[in-house]
Protein chains: 2
Amino acid sequence: MLIGELAEVTGVSARALRHYEDQELLVPERDTNGYRNYAEADVIRVAQIKAMIAAGLGTATIRQYLECARTGEHGTTLELCPRLTAELESLAGRLDARQAELRDTRRRLSGLASRSSELSASA
Amino acid sequence: MLIGELAEVTGVSARALRHYEDQELLVPERDTNGYRNYAEADVIRVAQIKAMIAAGLGTATIRQYLECARTGEHGTTLELCPRLTAELESLAGRLDARQAELRDTRRRLSGLASRSSELSASA
DNA sequence: GTATGGCTTCACGTCAGCGTGAAGGTCAAG
DNA sequence: CTTGACCTTCACGCTGACGTGAAGCCATAC
């Protein structure tokens, strides 16, 4: 599977796929002419990577996840995953915090719009 | 109040405060020697800016918010605010979406850890 | 006077995830 | 043999919120 093909199937740009290779997230085989030759299973991997990037994870974290997932396929109990779970928990927490702050901000704004009162903020 | 003082009080770096000035978020008076002279009320404004940046708002949006808030102190009904409310709504929506995706990602990871089964993802 | 420390203005560096040419090799078709 | 669509590797550009010197002025202490 050539890069353009995978790009079209997954909806990810060819440039992004090369970027994933630079980041060692998805390193395909090479044909004799130097062209990247992706496996069918890589469609799934790209979807995973897409989802994790959209979730706000950095490539370094995603790389760890993929390594951990590969280890898991051997049947062992995924030693690295607890750290990743912690990472995901902390990211979820940060998102929660951001959302809470956003709600406060929005509340203050609404308050201003209706009352036109004094400005106030929590530290 | 000098920049270093405000920096220490608010926990925001002096560099960041100068950046806020470049972005026209907080433009202090100047002493005869050219030093920035912040008002006491700016402590609150910095806290607001901090909160909004942490909430994921860009400086351009924050500037609009601050202008709108200033207008509000005159007693008028804040014409610009509806646009900002929409902006905040959309940001809240994006955060919700990210959180949902993150939860899915985390679920998939948990699934892998317990089952060590086949990789799967939703497009 | 001078040592210190805070202040000033440039202005390039950083991180992340790509976008966007540039310059050129590969391959099937006409 | 040439066109044209695909591929390759650089390598700079972009957005955002600053970090980090560099070079120099200001103010207080000794």
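Because the structure is a prediction, the values reported are computed rather than measured. In the text below, chain A, chain B and the rest are named by the order of the sequence lines, each starting its count at 1.
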N/O (side chain, [X]) to phosphate O (OP1/OP2, [N]) under 4.0 Å:
{"X": "B:N33", "N": "D:dC25", "result": "no"}
{"X": "B:S13", "N": "D:dC18", "result": "no"}
{"X": "B:T59", "N": "D:dG16", "result": "no"}
{"X": "A:R18", "N": "D:dA11", "result": "no"}
{"X": "A:Y20", "N": "C:dC18", "result": "yes"}

Quick one: does A:N37's side chain have a donor or acceptor within less than 3.5 Å of a partner on A:M1's backbone? yes

Polar side-chain atom of B:T61 near backbone of B:L57 as donor-acceptor pair, under 3.5 Å: no

For the pair made of [atom1] in [X] and [atom2] in [N], what is the distance, rounded to whole Å?
{"X": "A:E21", "N": "D:dT9", "atom1": "CD", "atom2": "P", "result": "7 Å"}
{"X": "B:Y35", "N": "D:dC25", "atom1": "OH", "atom2": "C1'", "result": "7 Å"}
{"X": "A:K50", "N": "C:dC18", "atom1": "NZ", "atom2": "P", "result": "11 Å"}
{"X": "A:Q23", "N": "C:dC15", "atom1": "CD", "atom2": "P", "result": "12 Å"}
{"X": "A:H19", "N": "D:dA11", "atom1": "NE2", "atom2": "P", "result": "18 Å"}
{"X": "A:D22", "N": "C:dC18", "atom1": "CG", "atom2": "C1'", "result": "11 Å"}
{"X": "A:I3", "N": "D:dT9", "atom1": "CD1", "atom2": "C1'", "result": "12 Å"}
{"X": "A:I62", "N": "C:dC18", "atom1": "CD1", "atom2": "C1'", "result": "13 Å"}

Among the nucleotides [options], which one has an atom lying closest to any side-chain atom of [X]?
{"X": "A:R36", "options": "D:dT9, D:dC26, C:dT20", "value": "D:dT9"}
{"X": "B:A16", "options": "D:dA11, D:dC18, C:dT8", "value": "D:dC18"}
{"X": "B:R30", "options": "C:dG25, C:dT8, C:dC27", "value": "C:dT8"}
{"X": "A:L2", "options": "D:dT8, D:dC7, C:dT26", "value": "D:dC7"}

Give A:L57 one of three labels, base, sugar-phosphate or nothing, depending on what nucleic acid heavy atoms sit under 4.0 Å from its own. sugar-phosphate

Ion pair check, A:E21 and A:R15, cut-off under 4.0 Å: no

For A:T59 versus A:L25, what's the shortest heavy-atom pair and its separation? O-CD2, 3.5 Å

By nearest nucleotide on DNA chain D, pick out whichever of A:R15 and A:N37 is the more 5' one. A:N37

Stepwise side-chain contact (heavy atoms from CB on, under 4.5 Å) check, A:R30 with A:Y35: CA-CA 6 Å; A:R30 295 288 186 142; A:Y35 287 16; over 6 Å; no

